[in-house]
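The structure under discussion appears below in the form of structure tokens.
Each chain gets a letter, A, B and so on, in the order its sequence line appears, and its residues count up from 1. Fair warning: this is a prediction, and the values are worked out from it, not measured in the lab.
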Protein chains: 2
Amino acid sequence: MTAKLTANDIGATCVCLGIRKAARQVARRYDDAFRPLGITSGQFSILAALLREEPVALGALADTLGMDRTTLNRNLKPLEQGKLVATSATKDDRRVRGLSLTEKGHTLLDRAIPIWRRAQADSERRLTATQWPRFRSQLRALG
Amino acid sequence: MTAKLTANDIGATCVCLGIRKAARQVARRYDDAFRPLGITSGQFSILAALLREEPVALGALADTLGMDRTTLNRNLKPLEQGKLVATSATKDDRRVRGLSLTEKGHTLLDRAIPIWRRAQADSERRLTATQWPRFRSQLRALG
DNA sequence: ATGATGTAGGTGTAATTACACTCTAATGTC
DNA sequence: GACATTAGAGTGTAATTACACCTACATCAT
């Protein structure tokens, strides 16, 4: 008899379900926006992170993206095959794999950023300007 | 020169990256909690949704979970193999696939719910009681 | 120096995600 | 009733996610 109430509570209140559900829906919208360029929202995030600092070690980039190291490794494969990202060996530590954007990667990113701005504006509109910064700090608190 | 600033902006403000990053981190914690039972956080969400209403059509369940219909179809495979979920044909419309928990599914869920409560309390603690309901409505606004 | 410990990264396996396409059954039109 | 359209579901392919396990390199202690 409490079972039915519990079931409703879980669906409505579960932090994990709530955030994953929202994440799927948001990602689908960004994926739609980037589709003409042949990249996904996740691939865009990787490329944009590389724009920030190049070259960057795989592990450091994984931390930045809050992603498992091995997940990032797999996600890099299509980007390397598409010649958007390249690996460079580092002198001081031969274990680390330095990741950088290629010329082609930079060019694609230049085309992707205006598209990102539109998708971003659309998502922010759903949150109201004043809510998003607060929401963002809450996302970080969950990390 | 604006490029570097843009790069930082994207990493810090992108709604898609922010929510997916947080979703990965939250899911990892729930996955850890459920591991002793041999299920993932995503599988728990499916089982809990079935507790709410049985039997349920695949498409309707996918909507509830904000998941693509075909994704749910794939995610059901391990649950059916583990005999936690069963399919029943419906009389009135032979296209729909009715999904229900098995006896084994109910038993597992009974053991999973106390674990969920602990993981849930942990996540809510990170958001503060007053923030989570608001955060939840923001997640829904993104859908 | 050499042996222990730790760190960066890769691979095997398995689940999660979803688009494009297909099949089948229901429904609506004539 | 025959045919077109619509709706529910499954499959091919490919990317995303991550744990367990492995290798190679670096660093530290003795």
Side-chain angles (χ1 to χ4, degrees), chain A residues 16-17 19-36 38-46 55-63 65-82 84 87-99, chain B residues 16-17 19-36 38-46 55-63 65-82 84 87-99:
Chain A
C16 187
L17 175 57
I19 198 165
R20 292 188 78 186
K21 182 174 169 177
R24 282 191 289 263
Q25 291 162 331
V26 170
R28 270 196 288 263
R29 285 207 305 277
Y30 280 75
D31 284 342
D32 280 347
F34 289 124
R35 190 159 297 121
I39 59 170
T40 65
S41 57
Q43 293 173 336
F44 173 79
S45 293
I46 294 172
V56 120
L58 187 144
L61 184 56
D63 282 346
L65 299 169
M67 193 182 285
D68 189 89
R69 187 178 47 74
T70 67
T71 301
L72 177 58
N73 189 37
R74 297 287 153 87
N75 290 353
L76 283 169
K77 203 153 281 181
L79 295 174
E80 292 179 313
Q81 275 179 340
L84 301 172
T87 297
S88 58
T90 43
K91 284 171 191 153
D92 35 328
D93 191 335
R94 273 183 299 174
R95 291 171 304 180
V96 312
R97 174 178 167 189
L99 297 163
Chain B
C16 187
L17 174 57
I19 198 166
R20 291 188 80 187
K21 183 173 168 177
R24 283 191 287 263
Q25 290 163 332
V26 170
R28 272 197 286 263
R29 285 206 305 276
Y30 281 76
D31 284 342
D32 279 347
F34 289 124
R35 190 157 300 121
I39 59 170
T40 65
S41 57
Q43 294 173 335
F44 173 79
S45 293
I46 295 172
V56 126
L58 187 142
L61 184 55
D63 283 346
L65 298 170
M67 193 181 285
D68 189 88
R69 187 180 47 73
T70 66
T71 301
L72 177 58
N73 190 36
R74 298 285 153 90
N75 290 352
L76 283 169
K77 203 154 282 182
L79 295 175
E80 292 180 312
Q81 276 178 338
L84 300 172
T87 298
S88 58
T90 45
K91 284 170 192 155
D92 37 327
D93 192 336
R94 271 184 299 173
R95 290 172 304 181
V96 311
R97 174 177 168 190
L99 297 164

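- When the side-chain hydrogen bond (donor to acceptor under 3.5 Å, both in side chains) test is applied to B/D63, no partner is found at least two apart in sequence or on another chain.
- Remark: P of C/dA15 and CZ of A/R20 are 14 Å apart, rounded to the nearest angstrom.
- In this structure, B/R28 and A/G66 approach most closely via the heavy-atom pair NH2-O, 3.0 Å.
- Near DNA chain C, defined here as any heavy-atom distance below 4.0 Å, the residues from residues 72-82 of chain A are A/N73, A/R74, listed numerically.
- At whole-Å resolution of the value, CZ in B/F34 and P in C/dT16 are 13 Å apart.
- For the pair A/V96 and A/D32, nearest-nucleotide mapping onto DNA chain C gives the more 5' position to A/V96.
- B/T40 comes within contact range of the sugar-phosphate backbone alone, with a heavy-atom separation under 4.0 Å but no base atom that close.
- To the nearest angstrom, P of C/dT17 lies 10 Å from CD of B/Q43.
- A straight line from CG of A/L99 to C1' of C/dA8 spans 12 Å, rounded to a whole angstrom.
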Per-nucleotide protein contact string for nucleotides 20-29 of chain C, where B marks a base within reach and S marks sugar-phosphate only (heavy atoms under 4.0 Å, - for neither): B----BS---
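- Closest of all the heavy-atom pairs between B/V26 and A/C16 is CG1-CA, 3.8 Å.
- Looking at heavy-atom distances under 4.0 Å, B/A27 makes no contact with the nucleic acid at all.
- Side chain to side chain, B/R20 and A/S41 meet the donor-acceptor criterion of an N or O pair below 3.5 Å.
- For B/R35, the side-chain contact (heavy atoms from CB on, under 4.5 Å) partners two or more places apart in sequence, or in a different chain, are B/D31, B/D32.
- Between A/A60 and B/M67, it is A/A60 whose nearest contact on DNA chain C lies nearer the 5' terminus.
- To the nearest 0.5 Å, atoms CG (A/L99) and CD1 (A/I46) are separated by 9.5 Å.
- Side-chain nitrogen and oxygen atoms of A/R28 include none within less than 4.0 Å of the OP1 or OP2 phosphate oxygen of C/dT17.
- Residues satisfying the salt bridge (Lys or Arg N to Asp or Glu O under 4.0 Å) criterion with B/R94, sequence neighbours excluded, are absent altogether.
- Per the geometry, CG belonging to A/L84 stands 15 Å off C1' belonging to D/dA15, to the nearest Å.
- Of all nucleotides listed (C/dT17, C/dG10, D/dG10), C/dT17 comes nearest to the side chain of A/R24.
- Taking atom CG on B/D63 and atom P on D/dA7, their separation rounds to 13 Å, with Å as the unit.
- Within the 4.5 Å cutoff, the side chain of A/I19 has heavy atoms near those of the B/I19 side chain.
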Please list every donor-acceptor pair under 3.5 Å in which a side-chain atom of residues 67-77 of chain A meets a protein atom from a residue at least two apart or in another chain.
unit_1, atom_1, unit_2, atom_2, d
A/D68, OD2, A/T70, N, 2.9
A/D68, OD2, A/T70, OG1, 2.6
A/N73, OD1, A/R97, NH1, 2.9

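- Rounded to an integer number of Å, the gap from A/R29 CZ to C/dA18 P is 13 Å.
- Rounded to whole angstrom, the span from the CD atom of B/Q25 across to the P atom of D/dT17 amounts to 12 Å.
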